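This report refers to the structure that appears directly beneath it.
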Number of protein chains: 2
Amino acid sequence: MREGPDIARIAALVADPARCSMLLALMDGRALTATELAGLAGITKQTASSHLAKLVDGEVLRVEAQGRHRYFQLEGPHVAALLEALMVFSSDSVPPLRTGPKDFALRKARICYDHLAGEMGVELHDRMRERGWLSDDLTITEKGWTHLAAIGLTPAKLPRSNRPLCRSCLDWSQRRHHLAGLVGRMILDHILALSWARRLPASRVIAFTPDGERRFLDWLR
Amino acid sequence: MREGPDIARIAALVADPARCSMLLALMDGRALTATELAGLAGITKQTASSHLAKLVDGEVLRVEAQGRHRYFQLEGPHVAALLEALMVFSSDSVPPLRTGPKDFALRKARICYDHLAGEMGVELHDRMRERGWLSDDLTITEKGWTHLAAIGLTPAKLPRSNRPLCRSCLDWSQRRHHLAGLVGRMILDHILALSWARRLPASRVIAFTPDGERRFLDWLR
DNA sequence: GTAATGGTTCGGTTAATATCGAACCATGAG
DNA sequence: CTCATGGTTCGATATTAACCGAACCATTAC
């Protein structure tokens, strides 16, 4: 019967407002404790515990015990991708919604799990496609590797992992794809390491310095 | 309160197994009637009606009344994207799930309801738009009818039906539109009648012969 | 050792919703 | 007009699950 993949089961895990708040809080890839998450969601510890157990059981979250704390984080990039796919809906059903300065910064550049999203993320993705650094089937071309090497990113430096090198992730604010995957992560790491940008505390905003933005775009030219 | 975007509301819409079955059935972009969907989901008409109303209200589905039927289809590509994002989970938990040759054939060309889908279907659609055979509002132009006549397809041969002549349908594998509607069906019929391709038994695969594929693409040139 | 804190388990209440039977409305066929 | 069919509306029922209070377990601090 019901042979269909139980995507309903996964959806149900995200369908609760409390769980949703927690997941959104974890969008940036950090690991938070159960009580922190309970506070953010506005529920008691008991309730949060129950929710978190379900999320872990459903392989949406991963948990790591450390001392008497239990740190929760997203199971992987695909969870962030799912949340972004959901945000696409709210972003256009309620168009204006007062775009404050912080909101503006979020649209400009933010972290999505572990890679760059927002205008800058989409720009990165599109430029790489346009310049032929990235092929249609999302593999880095020879020319691409050459340019990646220019910022010190070589295949040898990639961490061993079976996670796909490149992956495209639908951007909720831009409604276009940005670059995810191992390479997406490495590029963001480099942007931060070179101080082209820095993370704003307690937010997902990636703040580029004027100089950093220029260098980044130059590199893509 | 709950200022968070109501991604939970959207997720809840997908969280029900019955609604899920219906959405998956619509993944190929076809438009199905309420009773068809009820049958596929294994529920009664009343229940389906309630579900469908919710999905339309939540802007997940779009409905179009035609005669005494109501055709439901996905509201847009972002819905398909969401469903795909959800499927990543189930496909991930089960091992690699090798993409066999049959899967490759499915992406290349398959039947979608009664018309051509997959790479070849998208190619047909795009070419017809590009060549000006098909206008923006999805009507066949004069030039279009000329070329259709070249393979023996004239307006007179169209079956009497209130079904729209042309319709664009979101392609599951290509994520782009292919040509549906009466004309889409007639073209596929002709492809099969001329033996440019044949249907593989017990599957949705449309297998083009090398010669047939060449002739088909030549016709689109 | 005792106290404090992070986290889980249990039980009972409450709210939401999926479901269907039956009646109802609307369209199309004859 | 009459009948059949697609689809919705209206209860009423039953299942689910979110929630919290209270008790409990585990780890660190003192």
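Each chain gets a letter, A, B and so on, in the order the sequences are listed, and its residues count up from 1. In this text the structure is predicted, and so the values were computed from the model without any measurement.
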Do the side chains of [Y] and [X] get nearer than 4.5 Å, heavy atoms only?
X	Y	answer
Lys45(A)	Thr35(A)	yes
Leu179(A)	Leu116(A)	no
Ile7(A)	Leu83(B)	yes
Leu13(A)	Leu23(A)	no
Leu82(B)	Leu82(A)	yes

message: Over the length of the helix from dG1(C)-dC30(D) to dG30(C)-dC1(D), how much do the five-pair end axes diverge, rounded to 10 degrees?
response: 30°
field: Nearest heavy atoms of Thr33(A) and Glu36(A), plus distance in Å
entry: N-OE1, 2.8 Å
query: Thr139(B): what forms a side-chain contact (heavy atoms from CB on, under 4.5 Å) with it, not counting sequence neighbours?
result: Ser135(B), Asp137(B)
- prompt: Reading nucleotides 21-30 of chain D from the 5' end, what letters show protein touch, with B for base, S for backbone sugar-phosphate only, - for no heavy atom under 4.0 Å?
  reply: BB----BS--
Length of the line joining [X]:[atom1] and [N]:[atom2], which is rounded to integer Å:
X	N	atom1	atom2	answer
Leu52(B)	dT9(D)	CG	P	12 Å
Asp57(A)	dT9(C)	CG	P	12 Å
Leu37(A)	dG7(C)	CG	C1'	13 Å
Ile43(B)	dT8(D)	CD1	P	12 Å
His69(A)	dA4(C)	NE2	P	17 Å
Glu36(B)	dG7(D)	CD	C1'	13 Å

- prompt: Within a radius of less than 6.0 Å around CZ of Arg199(A), do more than 12 heavy atoms belonging to other residues, nucleotides or ligands occur?
  reply: yes
- prompt: Does Trp133(B) have any ring-ring contact (aromatic ring centres under 6.0 Å, His included) partners at least two apart in sequence or in another chain, and if so, which?
  reply: His147(B), Trp219(B)
Phe72(A): ring-ring contact (aromatic ring centres under 6.0 Å, His included) partners, not counting sequence neighbours: none
query: Quick one: does Ser50(A)'s side chain have a donor or acceptor within less than 3.5 Å of a partner on Gln46(A)'s backbone?
result: no
query: Under 4.0 Å between a side-chain N/O of Thr35(B) and OP1 or OP2 of dG7(D), yes or no?
result: yes
Distances under 3.5 Å only, N/O to N/O: pair up the protein atoms with those of nucleotides 16-18 of chain C.
residue : atom : partner  : partner atom : Å
dA18(C) : OP1  : Arg19(B) : NH2          : 3.4
dA18(C) : OP2  : Arg19(B) : NH1          : 3.4
dA18(C) : OP2  : Lys54(B) : NZ           : 2.7
dA18(C) : O5'  : Asp16(B) : OD1          : 3.4

query: Side chain of Lys45(B): nearest nucleotide among dG7(C), dT8(D), dC19(D)?
result: dT8(D)
